[in-house]
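Quick caveat, the model's predicted, so the values are computed rather than measured.
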Amino acid sequence: MPQKRHRVHFKIYERCFTAIEAVDFLHELLQCNQNFGPEVTRTQTIQLLKKFQKNHVIEDVKGRWGKEDFQDNGCLYRFPPTSPLKPYPKRPPCRPNPIPFPQWSDQGSLTSRVQIHGKSIDLNSEAWYKRHSIAIGEVPMWRLVKRRELTAAHVEEIWKSRTLLHLKKILGLDSLNDVMDTKQLEAKHILHNIYNTNKQGIVVLDDRSKELPHWLLSAMKCLANWPNYSDWNQPMYLGFERDVFRTIKDYYSFLKEPLLPFHLFDAFVNALGLLQKKHVAIEALQLCCLLLPPENRRKLQLLMRMMAKISLNREMPPLCDSTGNRALMVQTFSRCILRSKDEVDLDELLSTKLVTFMMDNAPDILTVPITLKNTVEDYVAQQRRVQIKYPGSDMETTLNPTFVQPQTPAHDYEYQKLSQTPDPAKVLLEEIISNKQISAKEKKKRLKQFQRSHPELYKQSFPTPDSEAALFPERPSLKSQLLFFTLKRPFQSFQRTRSFRM
């Protein structure tokens, strides 16, 4: 907006403009803009400038603003010296980590006489030790070993590997390498999509430059809440809602890449094969949408909400003469949501089918999967607990009945392909079986603990009792030897050829 010196009532005002100049400049600008066009009238331009004055985008030369008294006359206006933008409230940083365990001494592992229980206990309480030692006898010694602290990078990789493992299981695939390139997935995107959301579950972006334009958000809200949108009590002219819809359509039509990126196309197409089982398909699409970049997920959430509301709104006038509003939503936005990099004729059918299902189930699909969230949070919390080391053994466990998967060194923590990653639980079972330094009684005890923690894996390794008994070859017992001699020579007295000791 050009600004220059003006004189009114023998007083000179620097860097200002008249109302007529503002209307002329903004009217010409709107008519040349592809989002508005030459249909914009001078009256509409004045109404927009009234909004500017009310929201302190402009003010009169005396610093007054807040009222819509802007007129097409010679009154002087200026831009305020400070930005009219309100400070955007900063969300607290993502804190998926629980409260850290009390720091132990760096001199070495602490030793405490405790009994293992599932619930949390006071390890330093002498009263607890005395009470239980009297009740159950002497409490064995356990060595508490401090766990290595998990970094943010470790937590991100845990989220990524667990999410992909869950997705692979739902899709029924041996490997995800055929449907996506896991190297292109950002682990931090998963954490952001889970923890950085508003009350409606929509992702909140840290980088405001990637946000949708304000005018587009207003247009989408207008159609989503039609005819009860607060900024317009009534349409300004006949066909106003069609012009608003055309504006939204033009914006999404010029996207360089669909909201579901090209490298995830095959993953979403595989989820289409599960549509016969609705709840399974919803769970698979939940995980696929969790892999999206935050800006893509936010745009998809807002677009799906608008499409679903328009398709169900009976008060919405027809936005097209030849097509109903529901079919129009799918037809208009299917290509900007899903398409392959090398477009083929089948893409349109696939995208139409997927977009229709996602529009009908948007609240369930575009939400955070609670089961996955709780599972990974529990696993991360378990990795931060104190380890207990058995005397005379290298096997370690935590302060609960379940076993913990062995920790991975920091340099090996980089994500590997799931199909090539051995199951840590299987490794732990093999260590128990092959450990010759522990007694048979201790080995049976640990196998029972493993069976309670991983019953399915234990059943795969030992399908029958005979396979389990093969680990412990039976030695001839004293009782069987005595029975043998009794049956062989029942009427002969024992000769002291061997000594039997109980």
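- In this structure, the side chains of His189 and Pro294 come closer than 4.5 Å at one or more pairs of heavy atoms.
- Panel note: side chain Asn33, backbone Leu29; no donor-acceptor pair is recorded below 3.5 Å.
- Taking the centre of each ring, Phe17 and Phe79 come in below the 6.0 Å mark.
- With salt bridges taken as basic N to acidic carboxylate O contacts below 4.0 Å, one links Arg242 and Asp321.
- For the pair Pro81/Glu59, a side-chain contact is recorded, criterion being any heavy-atom separation below 4.5 Å from C-beta on.
- Across every non-hydrogen atom of Val203 and Gln301, the tightest pair is N-OE1, 2.9 Å.
- Between Leu30 and Leu48 there is a side-chain heavy-atom pair separated by less than 4.5 Å.
- Tyr252 and Lys299 get closest at one heavy-atom pair: OH-O, 3.9 Å.
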- Query: Can Lys168 and Asp174 be said to form a salt bridge (charged side-chain N to carboxylate O under 4.0 Å, His left out), step by step?
  - Reply: CA-CA 7 Å; Lys168 183 182 72 169; Asp174 297 331; over 6 Å; no

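- With a 4.5 Å cut-off on side-chain heavy atoms, Leu350 and Phe268 do not count as touching.
- Relative orientation of the Tyr458 and Phe450 rings is tilted, given thresholds of 30° and 60° on the angle between their planes.
- Qualifying side chain to side chain contact (heavy atoms under 4.5 Å, CB included) partners for Lys62, counting only residues two or more places apart in sequence or in other chains: Asp60, Arg64.
- Proximity of Trp215 to Met220: side-chain heavy atoms (C-beta onward) are nowhere separated by under 4.5 Å.
- Between Phe70 and Tyr77, the angle of the ring planes lies from 30° to 60°, which puts this pair in the tilted group.
- Ser311 places a side-chain N or O within donor-acceptor distance of the main-chain N or O of Ala308, the cut-off being under 3.5 Å.
- Gln53 contributes no side-chain N or O that, together with a main-chain N or O of Lys50, makes up a donor-acceptor pair within less than 3.5 Å.
- Between the side chains of His27 and Gln31, at least one donor-acceptor pair of N or O atoms lies under 3.5 Å.
- Across all their heavy atoms, Cys16 and Leu76 have their closest contact at SG-CD1, 4.3 Å.
- Comment: Asp360 engages Arg326 in a salt bridge, judged by a side-chain N to carboxylate O separation of less than 4.0 angstrom.
- One distance of note links CG of Leu260 with OG of Ser340; it measures 12.5 Å at 0.5 Å rounding.
- In this structure, Arg339 is not positioned above the aromatic face of Phe265 in the sense of NZ or CZ being under 6.0 Å from the six-membered ring centre and within 45° of the axis.
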- Message: side chain to side chain contact (heavy atoms under 4.5 Å, CB included), that's the test. Do Tyr251 and Thr247 meet it? Break it down for me.
- Response: CA-CA 6 Å; Tyr251 176 84; Thr247 301; over 6 Å; no

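- Under the 4.0 Å criterion applied to side-chain N and carboxylate O atoms, Glu14 and Lys4 are not assigned as salt-bridge partners.
- Taking 4.5 Å as the limit, every side-chain heavy atom of Leu287 sits out of range of all side-chain heavy atoms of Leu291.
- Counting non-hydrogen atoms of neighbouring residues, nucleotides and ligands closer than 6.0 angstrom, the CD atom of Gln200 exceeds 12 such neighbours.
- Residues Asp243 and Arg246 share a closest heavy-atom pair of OD1-NH1, 2.7 Å.
- With values rounded to the nearest 0.5 angstrom, Ile158 atom CD1 is found 11.0 Å from Thr163 atom OG1.
- Rounding to the nearest 0.5 Å places CZ of Phe333 at 12.0 Å from CG of Leu300.
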- Message: Go through it in stages, so that I can follow the logic: the residues are Arg42 and Leu26, the test is side chain to side chain contact (heavy atoms under 4.5 Å, CB included), and I'd like the CA-CA distance, side-chain angles, deciding distance and then a yes or no.
- Response: CA-CA 9 Å; Arg42 191 174 183 88; Leu26 185 56; over 6 Å; no

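- Using a distance-only test at 3.5 Å, with no hydrogens or angles considered, a donor-acceptor pair links the side chain of Glu257 to the main chain of Phe262.
- Remark: the backbone N or O of Gly201 is paired with a side-chain donor or acceptor of Asn198 at under 3.5 angstrom.
- Checking His454 against Gln451 by side-chain atom types alone, no donor-acceptor pair falls below 3.5 Å.
- With rounding to the nearest 0.5 angstrom, the OH atom of Tyr379 is 5.0 Å from the CZ atom of Arg162.
- Annotation: the span from Lys210 atom NZ to Asn296 atom CG amounts to 9.5 Å, rounded to 0.5 Å.
- Applying the side-chain hydrogen bond (donor to acceptor under 3.5 Å, both in side chains) rule to Lys249 yields no partners; only residues at least two apart in sequence or on another chain are considered.
- For Ser218 (side chain) and His214 (main-chain N/O), a donor-acceptor pair under 3.5 Å exists by modelled atom type.
- In this structure the side chain of Leu164 reaches within 4.5 angstrom of the side chain of Leu185, judged on heavy atoms.
- With His192 contributing its side chain and Pro293 its backbone, the two residues share no donor-acceptor pair below 3.5 Å.
- Considering CZ of Arg298 and CG of Asn193, their distance stands at 12.0 Å, rounded to 0.5 Å.
- Residues Phe357 and Ile282 form a side-chain contact, since some pair of their non-hydrogen atoms from C-beta on lies under 4.5 Å apart.
- A salt bridge is defined here as a Lys NZ or Arg NE, NH1 or NH2 lying under 4.0 Å from an Asp or Glu carboxylate O, and Lys160 with Glu157 fails to meet this definition.
- Across Leu274 and Ala284, no two heavy atoms sit closer than the pair CD1-CB, 3.9 Å.
- Residue-environment remark: CZ (Arg15) stays at or below the threshold of 12 foreign heavy atoms within 6.0 Å.
- Not counting sequence neighbours, the partners of Asn325 by the side chain to side chain contact (heavy atoms under 4.5 Å, CB included) test are Ile310, Met316, Leu319.
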- Task: Go through Tyr195 and Val368 one step at a time and tell me if the side chain to side chain contact (heavy atoms under 4.5 Å, CB included) criterion holds.
- Result: CA-CA 9 Å; Tyr195 292 103; Val368 176; over 6 Å; no

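- In terms of modelled atom types and a separation under 3.5 Å, the side chain of Arg297 and the main chain of Cys289 share a donor-acceptor contact.
- Scanning all heavy atoms of the two residues, the minimum distance from Asn270 to Val179 falls at ND2-CG1, 3.2 Å.
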